[in-house]
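Below you will find the structure I want to go over with you.
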Amino acid sequence: NAGVTQTPKFRILKIGQSMTLQCTQDMNHNYMYWYRQDPGMGLKLIYYSVGAGITDKGEVPNGYNVSRSTTEDFPLRLELAAPSQTSVYFCASSSPRDRGYTGELFFGEGSRLTVL
Amino acid sequence: GQQLNQSPQSMFIQEGEDVSMNCTSSSIFNTWLWYKQEPGEGPVLLIALYKAGELTSNGRLTAQFGITRKDSFLNISASIPSDVGIYFCAGQVRGAQKLVFGQGTRLTINP
């Protein structure tokens with residue numbers, strides 16, 4: 001079982017460059033999430049999606065964009081990379097237990113991004 | 001917004017000791033979950049709690065959903081080296097479509 005797959009695992013960007021972090025899941029989960037984790041800190045929600053064609057902002061959406069054209073894929077785009085975006089990014093997915101509950105989140109292994 | 005306060009932030013213990021950590025909030029949550037993150041990996045679910053007062057075990061791990069719905073506890077008995085990692089609590093309000101995470105408790109074990 002692949003679960004949640006993120007690529008790339010590591011990337012170094014120059015200030016002002018753009019890139020897309022890829023996330024795909026093979027569990028047919030409706031809900032998908034992007035979190036960032038700064039050193040020694042917890043997880044902060046960037047964007048999330050409850051289904052194809054539906055996205056919404058989390059706590060820290062500035063500087064990022066997302067799209068959800070299929071159930072499986074939820075890419076995260078950085079348009080103009082800044083040093084403040086140096087972080088580890090985690091994609092997660094879940095299948096709601098019933099209306100109102102996200103269900104348990106399954107996480108990818110993370111993508112470590114450094115902006116210099 | 002809703003916040004979860006997790007304590008302690010870090011723990012340094014001897015192998016074989018029991019561990020307790022907790023998570024509190026000023027808001028009521030309908031679901032509590034506990035995750036463990038090992039170095040270089042994503043968080044992995046340990047225990048999920050869905051009812052106030054619920055006590056659930058997973059091997060040497062036991063977690064409880066507080067009666068007030070504003071807190072949760074995780075206990076690890078007879079710690080072993082592979083328990084090392086960061087433990088996160090997470091909570092969800094019914095209908096919120098997303099989880100709120102605590103800051104994490106970093107567990108270090110001296111053999």
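Bear in mind that the values here come from a model prediction, so they are computed numbers and not experimental data. Chain letters run A, B, ... following the sequence lines, proteins first and then strands; every chain starts at 1. Computed from heavy atoms alone, side chains included, the values below leave out hydrogens, waters and symmetry copies.
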Between Leu99(B) and chain A, which part of the residue has a heavy atom less than 4.5 Å away: side chain, backbone, both or neither?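 Contact with chain A is through both the backbone and side chain of Leu99(B).
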According to a hydrophobic-cluster definition based on side-chain heavy atoms being under 4.5 Å apart (Ile, Leu, Val, Met, Phe, Trp, Tyr only), do Phe65(B) and Phe29(B) belong together?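 Per the 4.5 Å side-chain linkage, Phe65(B) and Phe29(B) are co-clustered.
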Could you please spell out the steps behind the side-chain contact (heavy atoms from CB on, under 4.5 Å) verdict for Phe88(B) and Gln37(A)? CA-CA 12 Å; Phe88(B) 290 102; Gln37(A) 184 178 31; 3.4 Å; yes
May I ask you to check whether over 12 heavy atoms, not counting those of Ile80(B), lie within 6.0 Å of atom CD1?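 For Ile80(B), atom CD1 is crowded (more than 12 foreign heavy atoms under 6.0 Å).
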Can you say whether Gln37(B) sits under 4.5 Å from chain A via the side chain, the backbone, both, or neither, judging by heavy atoms?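 When you check distances to chain A, only side chain atoms of Gln37(B) fall under 4.5 Å.
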Output the distance between atom CG (Leu33(B)) and atom OG (Ser94(A)), rounded to the nearest 0.5 Å.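 It is 10.0 Å, given to the nearest 0.5 Å.
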Group every Ile, Leu, Val, Met, Phe, Trp and Tyr by side-chain heavy-atom contacts under 4.5 Å, then state whether Leu76(A) and Tyr48(A) land in the same group.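 As far as the 4.5 Å side-chain criterion goes, Tyr48(A) and Leu76(A) are not connected within one cluster.
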Between atom OG1 of Thr31(B) and atom CD of Glu104(A), what is the distance when rounded to the nearest 0.5 Å?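 One gets 9.0 Å once the value is rounded to the nearest 0.5 Å.
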May I ask whether Leu13(A) and Phe90(A) are part of the same hydrophobic cluster, defined by side-chain heavy atoms of I, L, V, M, F, W, Y residues being less than 4.5 angstrom apart, directly or through others?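 Leu13(A) and Phe90(A): separate clusters.
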Using heavy-atom distances under 4.5 Å, tell me whether Leu43(A) contacts chain B through its side chain, its backbone, both, or neither.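 When you check distances to chain B, atoms from both the backbone and side chain of Leu43(A) fall under 4.5 Å.
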Are more than 12 heavy atoms, taken from residues, nucleotides or ligands other than Met27(A), located less than 6.0 Å from that residue's CE atom?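 Yes, enclosed.
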For the hydrophobic clusters of this structure (ILVMFWY residues joined by side-chain heavy atoms under 4.5 Å, transitively), does one cluster hold both Val88(A) and Ile46(A)?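 Hydrophobic grouping puts Val88(A) apart from Ile46(A).
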Value rounded to 0.5 Å, distance of NZ in Lys98(B) from CD in Glu59(A):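 That separation rounds to 8.5 Å.
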Max heavy-atom pair count under 4.5 Å with chain A, selected residue of Pro43(B), Gly104(B), Ala48(B):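 Most heavy-atom pairs under 4.5 Å with chain A: Pro43(B).
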Distance in Å, Phe107(A) CZ paired with Tyr35(B) OH, rounded so as to fall on 0.5 Å steps: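 Answer rounded to 0.5 Å: 5.5 Å.
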For each of Val4(A), Leu105(A), Val50(A), tally heavy-atom pairs with chain B at distances under 4.5 Å, and name the one with the top tally.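 Between Val4(A), Leu105(A), Val50(A), the count favours Leu105(A).
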Quick check: is Leu21(A) connected to Met32(A) through a chain of hydrophobic side chains (ILVMFWY, heavy atoms under 4.5 Å apart)?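 Yes; Leu21(A) is reachable from Met32(A) via cluster members.
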How far apart are the C-alpha atoms of Val44(B) and Phe106(A), what are their side-chain angles, what is the distance that settles it, and do they pass the side-chain contact (heavy atoms from CB on, under 4.5 Å) test? CA-CA 7 Å; Val44(B) 174; Phe106(A) 292 84; over 6 Å; no
